[in-house]
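First the proteins, then the strands, lettered A, B, ... as listed; each starts at 1. These numbers come from the heavy atoms of this one structure, side chains and all, not from hydrogens, waters or symmetry mates.
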Amino acid sequence: MPELPEVEVLRRSLEPHLVGDRVEGVVVRHRGLREPVDTRALRRAATGRRVLALRRRGKYLLVDLEAAWTLVVHLGMSGRLTLAPGAAPPEPHEHVAFPLASGRRLRFRDPRRFGLVLALPTAALDRDPHFAHLGVEPLADGFSGETLRRAAAGRRGPVKSFLMDARVVVGAGNIYASEALFRAGVHPERSVARLSPARWQRLAESLVAVLAQAIAEGGTTLNDFADGEGNAGEFQISLGVYGREGEECPRCGRPVRRRVQAGRSTFYCPACQR
DNA sequence: CGTAGACCCTGCGCGC
DNA sequence: TGCGCGCAGGGTCTAC
């Protein structure tokens with residue numbers, strides 16, 4: 001479900017409802033996520049704390065709490081984080097829930113259990129192994145083609161894998177990597193060693209533009225993405241190539257192709273992307 | 001060192 | 001209708 005735009009849409013939708021509320025407890029129904037849920041650590045960090053702010057780093061949602069604790073939530077492929085009335089019965093796959101002083105419940109649901117919920121000291125986030133290796137934020141000031149070009153120096157391999165490498169730049173997953181490459185006219189299998197500075201710049205600008213537009217349109221809802229209030233996104237209407245194998249390229253009209261790269265589907269137009 | 005592939009897990013849509 | 005297969009928005013570990 002979630003790449004950078006979806007997590008950012010979620011953050012914005014939850015923020016006004018969550019900030020100022022207080023976590024009253026932690027309910028863990030299934031601790032077998034990407035990493036085992038540490039119930040005691042979550043309770044110690046969160047119980048009785050007010051929510052101070054919601055932030056995002058890459059595809060991680062960060063819930064800053066009093067006493068310098070931060071809840072870290074990653075949605076994996078199928079995770080959802082929503083606010084529910086406190087009396088609502090647990091949904092299927094509602095693995096972790098946080099009852100709130102307002103009477104509501106923040107619930108984490110994740111059928112595939114590739115997601116993550118943990119607590120860390122706020123000041124230690126950058127040093128934590130989950131974050132220490134992460135690359136630049138594409139929507140931060142200063143991100144440019146030069147950022148990408150420098151990171152690619154001495155590297156090999158296809159540019160699509162490079163764009164999805166969180167050690168380089170965070171936030172682009174399978175959808176937005178394909179879309180940024182399409183907008184930039186860059187073939188997904190082109191080697192990073194063979195891209196001119198001008199084309200790196202086009203690629204960086206395309207990535208920023210596609211992420212920003214996706215956020216503005218509420219994210220991409222292919223199957224089940226919804227923000228914290230349950231609203232679906234609309235960016236899927238604006239997708240140029242992703243999931244459109246065989247359909248007409250919106251630019252040249254020739255059929256969009258799909259091929260598997262590093263185990264993931266890549267969609268592209270062989271005529272427009274070189 | 002960097003890259004490719006397997007793997008974690010459940011659910012859905014498709015073709016037979 | 002039922003069943004098996006392939007596929008799915010992520011990340012990490014291992015083998016080369």
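Between A:Ile175 atom CD1 and C:dG10 atom C1' the separation is 12 Å, expressed in whole Å. Protein atom CD of A:Glu94 is 17 Å distant from nucleotide atom P of B:dT10, rounded to whole Å. Regarding A:Leu163, its CG atom lies at a distance of 16 Å from the C1' atom of C:dG10, rounded to whole Å. In this structure, the CE atom of A:Met77 is 15 Å from the P atom of B:dC12, given to the nearest Å. Whole-Å rounding puts the A:Leu222 CG to B:dC12 C1' distance at 13 Å. The CZ-P distance, from A:Phe267 to C:dC7, rounds to 10 Å in whole Å. Going from atom CG of A:Leu75 over to atom P of B:dT10 covers 18 Å, rounded to whole Å. Taking atom CD of A:Glu91 as the reference point, atom P of B:dT10 lies 18 Å away to the nearest angstrom.
Of the side-chain N and O atoms in A:His130, none sit less than 4.0 angstrom from OP1 or OP2 of C:dT12. The phosphate of C:dG10 (OP1 or OP2) has a side-chain N or O of A:Arg264 nearer than 4.0 angstrom. Taking 4.0 angstrom as the limit, A:Lys59 places a side-chain polar atom (N or O) nearer than this to OP1 or OP2 of C:dG11. Residue A:Arg113 places no side-chain N or O under 4.0 Å from the OP1 or OP2 atom of B:dC8. Not one side-chain nitrogen or oxygen of A:Ser78 sits closer than 4.0 Å to the OP1 or OP2 atom of B:dC9. Residue A:His74 places at least one side-chain N or O closer than 4.0 Å to OP1 or OP2 of C:dG11.
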Step-by-step salt bridge (Lys or Arg N to Asp or Glu O under 4.0 Å) determination, A:Glu205 to A:Arg202:
CA-CA 5 Å; A:Glu205 288 169 5; A:Arg202 283 237 311 273; over 6 Å; no
Would A:Arg80 and A:Asp110 satisfy salt bridge (Lys or Arg N to Asp or Glu O under 4.0 Å), going step by step from the backbone distance to the final call?
CA-CA 6 Å; A:Arg80 272 171 96 152; A:Asp110 184 11; over 6 Å; no
Run the salt bridge (Lys or Arg N to Asp or Glu O under 4.0 Å) test on A:Glu94 and A:Arg107 for me, step by step, so that the C-alpha distance in whole Å, both residues' side-chain angles and the decisive distance to 0.1 Å come before the verdict.
CA-CA 7 Å; A:Glu94 183 179 321; A:Arg107 55 185 179 188; 3.3 Å; yes
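Remark: C:dG9 base-pairs with no nucleotide; criterion is Watson-Crick or G-U wobble with both hydrogen-bond distances under 3.5 Å. Nucleotide B:dG15: paired with C:dC3 (Watson-Crick or G-U wobble, both distances less than 3.5 Å).
Nucleotides of DNA chain B nearest to A:His93 and A:Ala262 differ in position, and the one nearer the 5' end is that of A:Ala262.
Closest contact between the side chain of A:Arg258 and the listed nucleotides B:dT10, C:dT12, C:dC7 involves C:dC7. With C:dT12, B:dT3, C:dG9 as the candidates, the nucleotide lying closest to the side chain of A:Tyr242 is C:dG9. Comparing atom distances between the A:Arg34 side chain and each of C:dG9, C:dT12, B:dG11 picks out C:dT12 as nearest.
In this structure, A:Phe182 has its ring center at least 6.0 angstrom away from the ring center of A:Tyr268. Between A:Trp200 and A:Phe162, the ring centre distance stays below 6.0 Å.
If you check every strand for non-hydrogen atoms under 4.0 Å, A:Tyr176 touches nothing. Residue contacts for A:Gly263: at a heavy-atom cut-off of 4.0 Å it reaches no nucleic acid atom on any strand shown.
Using P as the reference atom, C:dG6 and B:dA6 are 14 Å apart when rounded to the nearest Å.
By the 5.5 Å and 30° criteria, A:Phe114 is stacked with the base of B:dC8.
Counting atom types as modelled, A:Arg112 pairs a side-chain N or O with a base atom of B:dC9 as donor and acceptor under 3.5 Å.
Heavy-atom contacts from other residues, nucleotides or ligands closer than 6.0 Å to CZ of A:Arg254 number 12 or fewer.
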